[in-house]
S.K.: 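First, the structure itself, so that you have it in front of you.
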Amino acid sequence: MRLDKYLKVSRIIKRRTVANEACDAGRVLVNGKVQRASYDVKVGDVITVNFGTQAKEYQVLEVLEHALKEDSSKMFKQL
């Protein structure tokens with residue numbers, strides 16, 4: 001699954017366009033490297049998202065094409 005779509009489906013970022021813009025701006029890192037929105041997310045990846053001055057890290061536990069609001073929190077673990 002694409003990085004921007006994963007961020008949206010897992011509800012880390014609310015909208016896919018915002019996730020895409022964050023990737024283009026270099027504010028999303030995967031395993032310590034800046035990645036484009038087209039990066040293929042795999043289980044075990046560590047995603048770091050820089051929200052202004054604050055950085056949050058998430059470990060990918062599951063990759064689902066569609067997730068309900070209740071299931072989206074099972075897709076990642078906040079580090």
Side-chain angles (χ1 to χ4, degrees):
M1 176 185 294
R2 290 174 52 102
L3 178 58
D4 58 344
K5 186 172 181 183
Y6 179 82
L7 292 171
K8 188 247 182 220
V9 170
S10 64
R11 290 174 172 79
I12 294 172
I13 296 179
K14 299 255 185 216
R15 293 186 181 87
R16 188 167 176 181
T17 54
V18 175
N20 201 330
E21 291 169 0
C23 292
D24 290 344
R27 290 185 277 145
V28 180
L29 292 83
V30 179
N31 299 326
K33 295 182 181 178
V34 175
Q35 294 293 347
R36 298 176 55 99
S38 60
Y39 174 80
D40 190 31
V41 176
K42 297 172 275 312
V43 173
D45 284 345
V46 176
I47 300 172
T48 306
V49 182
N50 295 314
F51 295 108
T53 59
Q54 190 178 49
K56 294 192 177 186
E57 283 192 341
Y58 306 94
Q59 183 177 14
V60 178
L61 300 178
E62 203 173 3
V63 178
L64 302 171
E65 287 295 322
H66 304 285
L68 298 174
K69 191 174 186 179
E70 303 84 38
D71 298 335
S72 64
S73 62
K74 297 175 186 170
M75 293 179 67
F76 63 89
K77 175 175 69 172
Q78 189 167 0
L79 304 175

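Side-chain atoms are counted along with the backbone in the values below, which use heavy atoms only and exclude waters and symmetry mates.
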S.K.: Testing the basics here: between Ser38 and Arg2, what is the closest heavy-atom pair and its distance to 0.1 Å?
M.R.: CB-NH1, 3.6 Å
S.K.: Nearest 0.5 Å, what's the CG-CZ distance between Asp4 and Arg15?
M.R.: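 Here the rounded value is 15.0 Å.
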S.K.: Using the side chain to side chain contact (heavy atoms under 4.5 Å, CB included) rule, take Ile47 and Phe76 through it: C-alpha gap first, then chi angles, then the decisive distance, then the call.
M.R.: CA-CA 10 Å; Ile47 300 172; Phe76 63 89; over 6 Å; no
S.K.: Identify the two heavy atoms, one from Val30 and one from Tyr39, that lie closest to each other, and give their separation to 0.1 Å.
M.R.: CG1-CE2, 3.6 Å
S.K.: Do Leu29 and Asn50 have side chains that get closer than 4.5 Å, going by heavy atoms?
M.R.: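 In short, these two side chains touch, coming nearer than 4.5 Å.
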S.K.: With rounding to the nearest 0.5 Å, note down the distance linking CG in Leu64 to CE in Met1.
M.R.: 7.0 Å
S.K.: Measure across Val43 and Glu62 and return the closest heavy-atom pair with its distance rounded to 0.1 Å.
M.R.: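 Taking every non-hydrogen atom into account, CG2-CA, 4.3 Å.
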S.K.: How far apart are the closest heavy atoms of Ala55 and Thr48, and which atoms are they?
M.R.: CB-CG2, 4.3 Å
S.K.: Would a single hydrophobic cluster contain both Val46 and Ile13, if residues Ile, Leu, Val, Met, Phe, Trp and Tyr are joined by side-chain heavy-atom contacts under 4.5 Å?
M.R.: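 Hydrophobic grouping puts Ile13 apart from Val46.
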S.K.: Same hydrophobic cluster for Leu7 and Val18, using side-chain heavy-atom links shorter than 4.5 Å among ILVMFWY?
M.R.: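 Linked within one cluster.
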S.K.: Over all heavy atoms of both residues, which pair between Ile12 and Phe51 is shortest? Give the atoms and the distance, please.
M.R.: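 Between these two residues, the closest heavy atoms are O-CZ, 4.2 Å.
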S.K.: Looking only at non-hydrogen atoms, find the nearest pair between Asn20 and Ala37 and report the distance.
M.R.: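 Smallest interatomic distance, heavy atoms only, reads OD1-CB, 3.6 Å.
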S.K.: Any chance you could measure Gln59, atom CD, to Asn31, atom CG, to the nearest 0.5 Å?
M.R.: 9.5 Å
S.K.: How many angstroms lie between CG in Asp71 and CZ in Arg11, if you round to the nearest 0.5 Å?
M.R.: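 It comes to 9.0 Å.
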S.K.: According to a hydrophobic-cluster definition based on side-chain heavy atoms being under 4.5 Å apart (Ile, Leu, Val, Met, Phe, Trp, Tyr only), do Val41 and Leu61 belong together?
M.R.: no
S.K.: With a 3.5 Å distance limit and no angle check, can you tell me whether Tyr58 reaches the backbone of Val49 through a side-chain donor-acceptor pair?
M.R.: no
S.K.: Restricting to pairs with a member in residues 35-57, which pass salt bridge (Lys or Arg N to Asp or Glu O under 4.0 Å), not counting sequence neighbours?
M.R.: none
S.K.: Between Glu65 and Lys5, does any side-chain N to carboxylate O distance fall below 4.0 Å?
M.R.: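 Result for this pair is yes, salt bridge flagged.
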S.K.: To the nearest 0.5 Å, what is the distance between CG (Leu3) and CZ (Arg16)?
M.R.: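 The CZ atom of Arg16 is 10.0 Å from CG of Leu3, to the nearest 0.5 Å.
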